[in-house]
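Only one structure is covered here, and it is reproduced in the block below.
All ligand and atom numbering here is 1-based and tracks the order in the structure. Any value given below was found using the heavy atoms of this structure, including those in side chains, with hydrogens, waters and symmetry copies removed.
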Amino acid sequence: MKQLTLKPGREKSLERRHPWIFSGAVARVQGDPETGDTVAVRSGGGEFLAWAAFSPVSQIRARVWSWLEAEPVDGALLRARLRQALAARAALLSAKDSDALRLVHGESDGLPGVIVDRYGEVVVLQLLSAGAERWRSELADALRELTGCACVYERSDADVRVLEGLTARSGALHGALPAAGVQLREHGLVYGVDVAGGHKTGFYLDQRDNRRRIGELSQGREVLNCFCYTGGFTLNALAGGAASVLSIDSSADALAQAEDNLRRNGLDAAPAEWQDADVFKQLRVLRDQGRSFDLIVLDPPKFAPTAAFAEKAARGYKDINLLALKLLRPGGLLASFSCSGGISAELFQKILAGAALDAGVDASIVGHFAAAADHPVLLSFPEGDYLKGLLLRRA
Ligand code: SAH
């Protein structure tokens, strides 16, 4: 019997249904489980707590698949979980809004380490944990069957795989990517998506609702979109009637895709200005040029994957927010995001308060942003609540 026994008193988090077992909580492992194998997790007193996937090199030594002793972990269980995740999306999201959505959001869907995004007829699977990796072919087969999509493409190349002792892998698992490329539709706009080489699985689906909100706020405004990637906020601002949009990113590939996306939608290119630059430096250049804006979006990459990076990340967030607040005209709006798991919403608000103070401006919170409904947050797994944002209005 493969089993993992916890140190006395270390069953508390599992009793609250948190799905991670850290290495420091483990008293002993029996039965010689291999990476990804299912182990029975027991309390120090020998009581059954959960079935979990074993990951021998990770700090997260095991991730829970099931809380029920009578529920075997097999292809049928994973298929049932996938079916539940798909049903939850169908009930939450209207196909009118988009044909691209996150079908599976890892721990929050009872599938630790499994991410599945759908772009039209292409399903992208990302496996981030030893347990997810163990069930790779079962997951790929079930996804093809349950979605009916011809192509299931794997993008298991995120950095976090290293922590699980896994190497990077990507490529088609079923079918092939369409020769003409992948395109998605969202809020009446279309985007080309680089499924094979783009960030994450190709697109930042979590910002869907927030892109619409920015579109609604853009009428007649001069907009600055920092960290624009493939132009999500830029296109929504232009479609929403922005007077102009300056978009900045340090990736030439992302900017090329963004400009292509602008053309795909037949939007007027004249009000769009693109800068291939480091935002930290470019905000200073814009300040020195005396430029100012009515609406600024700051959507930087993850500065703090975990709390250990919080202090350095906090300095980064403060720097760009301070500069942005100074570039804002009185009455202007700043939509400022953090997708760092290591920065709580409370800390993020404090960082922005510090930035406003040092910028010498008064600002109020006039809105909150979070990830879209296809990125649910399990109440027992607050780590899933990584994307936060505030809409500030400069006095
Ligand atoms: N807002 C986008 C997603 C932003 S992802 C959307 O809705 O789709 C973060 C982006 O920041 C990436 O495109 C990355 O290339 C860019 N980036 C990272 N560091 C940067 C820096 N220092 N300066 C400019 N861009 C940067």
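With a 4.0 Å cut-off on non-hydrogen atoms, F233 touches ligand 1 through its side chain and not its backbone. For Y204, every heavy-atom contact with ligand 1 shorter than 4.0 Å involves the side chain, none the backbone. In H199, the part holding a heavy atom less than 4.0 Å from any atom of ligand 1 is the side chain.
F54 shares a hydrophobic cluster with L4, L6, L14, I21, V26, V29, V39, V41, L49, V64, W67; the chain of contacts runs through ILVMFWY side chains whose heavy atoms sit under 4.5 Å apart.
Remark: ligand 1 and P301 share no N or O pair separated by less than 3.5 Å (distance only, no angle test). For D278, a nitrogen or oxygen atom sits less than 3.5 Å from a nitrogen or oxygen atom of ligand 1, counting backbone and side chain alike.
Under the side chain to side chain donor-acceptor pair (under 3.5 Å) criterion, D276 pairs with no residue, sequence neighbours left out.
Electrostatic pairing of E11 and R42 does not count as a salt bridge here, judged by no charged N lying under 4.0 Å from a carboxylate O.
Heavy-atom distances between A277 and ligand 1 reach below 4.0 Å in at least one pair.
Taking the six-membered ring for Trp and the full ring otherwise, F309 and F303 have centroids separated by 6.0 Å or more.
Under a 4.0 Å criterion applied to the non-hydrogen atoms of R211, ligand 1 contributes the atoms 6 (C), 7 (O), 8 (O). If you number the atoms of ligand 1 from 1 as listed, the ones under 4.0 Å from a heavy atom of V279 come out as 21 (C), 23 (N), 24 (C).
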